[in-house]
Amino acid sequence: MANPVPIVDYQLATSNPQQFAQEVGRAFAEIGFMYLRNPSLSAEETNKAFKLSAEYFALPLKEKRRINWTFMNQGYSGVSQERLDPNYQKTGGYKETFNITHWSEPGKCRECPEVFLRNWDTITTFQQHCQQMCVDILRGVCTFLEISDSEGGAEFFTAKHDTRQPSSTNLRFLHYPPMKPSAEDQTAMRAGSHADYGSISLLFQKEVGGLQVYHHHAAEPRWVDVPPLPNCIVVNIGDTLDYWSNGYLKSTQHRVVFPDMGDKVPVRRYSIAYFCHANDGIPMYPLPSPRVQKRLAQGGSPGKDGGALADNVLLTNEYSAMKLYAHNRHRTDAQLPDGALGV
Ligand SMILES: O=C(O)CCC(=O)C(=O)O
Ligand SMILES: [Fe+2]
């Protein structure tokens with residue numbers, strides 16, 4: 001069966017922005033995921049980032065735990081600490097992560113391991129390329145949604161996604177160790193089913209697959225493999241844009257499963273995710289898009305969490321915080337901020 005996740009060439013963003021916009025928009029309106037071929041980062045730059053990741057995760061656990069994850073969404077999260085699908089998973093994911101946020105504070109990585117600080121140029125180059133690709137993709141989204149020039153046209157989202165301003169934008173290194181799932185736990189996953197919650201996510205997979213996306217529009221909805229492809233990264237919509245676009249853009253469930261290796265220990269896997277969020281403090285009025293408004297008028301479902309409303313406007317940071325707390329409320333390794341679940 002043909003893979004329903006389309007491949008879009010990033011070179012079109014400059015050579016033919018109109019075509020780029022239509023291909024990106026269609027992918028996000030249908031399955032919520034696409035491959036981006038020819039990402040701006042060279043294979044060498046991506047490999048450098050993966051090398052740092054491998055160096056970091058090879059450190060002793062005690063050392064990694066020195067900078068433990070907190071509700072600032074920064075730091076180390078160990079195996080089993082994150083349960084993305086708590087209604088299904090009995091145990092947390094068989095993975096460990098390191099998260100970096102606070103991109104609005106140049107030159108600073110509040111609480112960063114030495115291996116990242118020593119190679120801060122590699123990390124910032126990586127982050128800047130990711131951000132630029134996200135902004136170009138967002139331009140395509142605005143063009144596709146036909147946002148009028150008086151509202152900013154293709155640039156409607158650009159200044160709202162500016163990493164010089166505070167936001168929840170996050171760079172996450174992931175390592176799935178060569179651990180066998182527990183025989184007693186049929187629900188064991190590398191990463192449980194979830195949707196991301198920012199605007200746009202970029203995912204770099206190193207060699208080993210396991211990512212699956214839920215194809216909700218198939219005649220028979222099913223999980224679809226999204227393996228690494230040469231010179232491609234994976235791009236998807238997060239809940240913020242699903243909510244903001246009243247469901248026009250789809251934030252789709254995805255997960256990471258163990259490779260099918262019989263009795264053998266599953267092979268180790270590395271990935272890197274960049275979660276691009278809108279700046280803090282932006283009111284999410286329903287989008288000034290004739291396409292979005294037409295779909296709503298025709299009775300289309302209103303989007304994640306009820307979708308954007310003109311008379312009850314959520315701020316971007318309120319929405320992100322609500323999602324972060326809801327995803328992590330079960331954690332035992334980090335203290336939920338007072339009053340967090342009242343947001
Ligand atoms: O590692 C992967 O391939 C996916 C990770 C992911 O979906 C996430 O961290 O949100
Ligand atoms: Fe994800």
Side-chain angles (χ1 to χ4, degrees), residues 10-11 13-14 36-61 63-70 72-77 95-139 158-176 196 198-208 228 230-235 268-280:
Y10 184 48
Q11 285 173 353
T14 35
L36 189 71
R37 178 176 281 152
N38 289 316
S40 65
L41 278 152
S42 66
E44 196 194 340
E45 281 160 330
T46 305
N47 284 338
K48 266 198 205 162
F50 273 117
K51 261 182 102 168
L52 294 184
S53 174
E55 199 180 322
Y56 167 71
F57 286 115
L59 291 171
L61 187 58
E63 181 62 24
K64 290 184 278 193
R65 282 210 176 125
R66 255 187 353 96
I67 304 174
N68 236 343
W69 189 88
T70 71
M72 300 294 282
N73 206 9
Q74 170 100 8
Y76 172 74
S77 191
K95 65 166 189 209
E96 48 180 356
T97 69
F98 191 87
N99 303 272
I100 306 178
T101 184
H102 312 299
W103 291 105
S104 61
E105 297 169 32
K108 259 208 224 167
C109 173
R110 250 198 240 164
E111 307 254 28
C112 250
E114 218 263 317
V115 36
F116 292 148
L117 288 178
R118 239 188 308 118
N119 294 280
W120 197 237
D121 281 357
T122 301
I123 306 262
T124 43
T125 301
F126 193 87
Q127 183 269 334
Q128 282 161 4
H129 277 271
C130 287
Q131 183 65 23
Q132 186 60 49
M133 287 191 276
C134 288
V135 166
D136 287 341
I137 292 165
L138 286 167
R139 277 200 187 96
T158 307
K160 297 178 177 68
H161 292 78
D162 178 347
T163 39
R164 287 169 302 183
Q165 303 299 325
S167 76
S168 300
T169 293
N170 199 280
L171 177 66
R172 163 182 265 207
F173 296 91
L174 299 103
H175 173 224
Y176 300 83
D196 298 341
S199 295
I200 302 269
S201 309
L202 307 182
L203 183 74
F204 299 73
Q205 309 184 72
K206 189 166 168 60
E207 293 145 21
V208 180
N231 198 23
C232 286
I233 62 172
V234 174
V235 184
R268 183 194 301 283
R269 177 174 193 268
Y270 292 98
S271 63
I272 303 175
Y274 185 71
F275 303 108
C276 172
H277 285 247
N279 307 343
D280 291 349

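Fair warning: this is a prediction, and the values are worked out from it, not measured in the lab. Numbering starts at 1 and runs along the sequence shown.
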Shortest non-hydrogen contact between Ala49 and Thr122, atoms and distance: N-CG2, 4.1 Å

Pairwise side-chain contact, Ser271 with Phe204, heavy-atom cut-off 4.5 Å (strictly under): no

Value rounded to 0.5 Å, distance of CG in Asn73 from CG in Asn99: 5.0 Å

Heavy-atom neighbours of Arg172 CZ exceed 12 at 6.0 Å: yes

Which atom of Trp103 lies closest to which atom of Thr124, heavy atoms considered: CZ3-CG2, 4.4 Å

Ser40 vs Met133, side chain to side chain contact (heavy atoms under 4.5 Å, CB included): CA-CA, chis, key distance, verdict: CA-CA 7 Å; Ser40 65; Met133 287 191 276; 3.7 Å; yes

4.5 Å side-chain heavy-atom contact, Gln127 and Thr163: yes

Heavy-atom closest contact (Ser167 atom, Ala278 atom, distance): CB-O, 3.4 Å

Ile200 side chain reached by Val235 side chain, heavy atoms, under 4.5 Å: yes

Gln11 side chain to Pro39 backbone, donor-acceptor under 3.5 Å: no

Expected output: side-chain Asn119 to main-chain Val115 donor-acceptor under 3.5 Å: yes

Gap separating the OG atom of Ser168 from the CG atom of Asp280, nearest 0.5 angstrom: 5.5 Å

Validation row: Ile272, Leu174 side chains within 4.5 angstrom (heavy atoms): no

Side chain Lys64, main chain Tyr76, donor-acceptor under 3.5 Å: no

Intermediate values then yes/no, side-chain hydrogen bond (donor to acceptor under 3.5 Å, both in side chains), Glu207 and Tyr270: CA-CA 8 Å; Glu207 293 145 21; Tyr270 292 98; over 6 Å; no

Donor on one side chain, acceptor on other, Ser201 and Asp196, under 3.5 Å: yes

Pair Asn38-Asn231, side-chain donor/acceptor within less than 3.5 Å: yes

Polar side-chain atom of Gln74 near backbone of Glu111 as donor-acceptor pair, under 3.5 Å: yes

Side chain to side chain, Ser104 and Arg164, heavy atoms closer than 4.5 Å: no

Polar contact flag, side-chain donor to acceptor under 3.5 angstrom, His175-Thr97: no

Min side-chain heavy-atom separation Glu96-Ser77 under 4.5 Å: no

Spacing of Phe173 atom CZ and Leu52 atom CG [to the nearest 0.5 Å]: 6.5 Å

From Tyr10 atom OH to Ile137 atom CD1, the distance as rounded to the nearest 0.5 Å: 7.0 Å

Interatomic spacing from CG in Leu41 to SG in Cys130 - rounded to 0.5 Å: 5.5 Å

Test item: His161 and Leu138 side chains (from C-beta on) under 4.5 Å apart, heavy atoms: yes

Point-to-point distance, once rounded to the nearest 0.5 Å, from SG of Cys112 to CD1 of Ile100: 4.0 Å

Modelled atom types, side-chain donor and acceptor of Gln205 and Arg269, under 3.5 Å: yes

Backbone N/O of Ala159 and side chain of Asn279: donor-acceptor pair under 3.5 Å: yes

Tyr56-Phe98 aromatic ring centre distance below 6.0 Å: yes

His277 side chain to Ser199 side chain, donor-acceptor N/O pair below 3.5 angstrom: no

Full working for side chain to side chain contact (heavy atoms under 4.5 Å, CB included) between Cys276 and Leu202: CA-CA 8 Å; Cys276 172; Leu202 307 182; over 6 Å; no

Closest contact, heavy atoms only, Pro113 versus Ile67: N-CD1, 3.7 Å

Pairwise salt bridge (charged side-chain N to carboxylate O under 4.0 Å, His left out) hits with a residue in residues 39-55, at least two apart: Glu55-Arg118

Which atom of Met72 lies closest to which atom of Thr101, heavy atoms considered: O-CG2, 3.3 Å

Pairwise side-chain contact, Leu171 with Ile123, heavy-atom cut-off 4.5 Å (strictly under): yes

Ring-ring centroid check Phe126 Phe50, cutoff 6.0 Å: no

Least distance between heavy atoms, Ser53 atom then Phe116 atom: N-CE2, 4.5 Å

